[in-house]
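These values consider heavy atoms only, across backbone and side chains, with no hydrogens, waters or symmetry-generated copies. Counting convention: from 1, in listed order, for ligands and their atoms alike.
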Amino acid sequence: MRIKAANQESIKEAAILLHAGGLVAMPTETVYGLAANAFDGKAVARIFEAKGRPSFNPLIVHVMDLDAAAELVEIDARAEAVADRFWPGPLTLILPRKANSEISELVSAGLPTLAVRVPRHKVTQELLRMAGVPLAAPSANRSGSLSPTAPIHVADSLGENVDLILAAGPSEVGLESTVLDLSGEQAVILRPGAVTPEDLSEVLGEDVLVEADVSDAPKSPGLTLKHYAPETPVRLNAVDVRDGEALLAFGSIKFMGVKSGGAAANLPEERLRNLSEDGDLHEAAANLFAMLKELDQDEHSAIAVMAIPDEGLGIAINDRLKRAASAAKTDSLKAS
Ligand code: TXA
Ligand code: MG
């Protein structure tokens, strides 16, 4: 791990590292973020590994401006109004993902929505310009520890798990961005921050709820769908494939059979995905949500999933698979 003062040269180096799948700690006006190329699923998987998160929570994608955001999510009149007023700045918007988006499914943890933000820090802006790709970035701290507002916090918390720390002094706001969910009919603040409910109501011309207020209200599907869960039942620790099942494999399937006869390796394409033939957990994490979705088809009686080692990123993968197996669509997001 290296700490470098942010300047043209170090920002350029950071952009190159990001293109090569590396992780860069970047200053923003809220807190320091741990950034990866949002198009690169394996790089995004490294974020979760570095943070030691036991589960995959969706991440915020940082972009240069509203036009860049509009390439990734559906911008409606409300989103445009708040973006005009508060971007660049400490406001994150949750909006429907565009169907053709090439943002890794791991970034939004399989959800149909995506969190986007245009930061106003000069260094973040310059890094986004040089990198030329959207950057997925949670706060640059180990899971469960305080959010980093100075380069030394990042170094202490993440150590060798970050390739480069761009240092630019203490964070101006010192508090994570306000997260505003505009993906449903009702505008809801999922995380309070420097941009307040009053600020937002004024621009939107409507009441903005704070999530705690909503939890007592009758649940509408839009508000409760916080984890991606397949419709098709999920069977864990499978050592064979039963009639009508699809297989989500991990590692070699050379010796795996199909109950009704034959080898799993000969299953038709629509019934077989392999998270990683080499047993690489980064690759498996990067593929997890996309492959679950591809196998989540009516014609399959279940998705049989092979065992995944419960270590490193495997812990987060297994967490998601267990949730999928219990099909708990109403689980709530854990604070990150
Ligand atoms: O200020 C910030 O927002 C910092 C800097 C680096 O930009 N980033 C940050 O990221 O705090 P993170 O990953 O620590 O927090 C992201 C929050 C989480 O509470 C997450 O659950 C929520 O945003 N979130 C992200 N995508 C979401 C989605 N599609 N639906 C609902 N919540 C989402
Ligand atoms: Mg955080």
Determine whether the side chains of [X] and [Y] contain a donor N or O and an acceptor N or O closer than 3.5 Å.
X	Y	result
D207	S201	no
T232	Q297	no
R117	T28	yes
H300	E245	no
S276	D278	no
S55	R320	no

Using distance alone, determine whether [X] and ligand 1 share an N or O pair under 3.5 Å.
X	value
Y32	no
T28	no
S177	yes
R191	yes
T30	yes

Using a cut-off of 6.0 Å, state whether more than 12 heavy atoms not belonging to [X] lie near its atom [atom1].
X	atom1	result
E277	CD	no
E299	CD	yes
D310	CG	yes

Under 4.0 Å to a heavy atom of [X] - the qualifying atoms of ligand 1, by number:
X	answer
H62	5 (C), 6 (C), 7 (O)
R53	13 (O), 14 (O)
I60	3 (O), 8 (N), 9 (C), 10 (O), 16 (C)
P58	20 (C), 24 (N), 25 (C), 26 (N), 27 (C), 28 (C), 33 (C)
L190	31 (C), 32 (N)

Discussion item. Using 2.8 Å as the threshold, say whether any N, O or S atom from S147 sits that close to the Mg ion (ligand 2).
Written reply: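 Not a single backbone or side-chain N, O or S atom of S147 is under 2.8 Å from the Mg ion (ligand 2).
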Discussion item. Heavy atoms only: which of P119, P138, P148 lies closest to atom 12 (P) of ligand 1?
Written reply: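 Nearest option to atom 12 (P) of ligand 1, by heavy atoms: P138.
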Worksheet entry | Per-residue contact class, S139 against ligand 1 - non-hydrogen pairs under 4.0 Å |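 Near ligand 1, S139 shows its backbone as well as its side chain.
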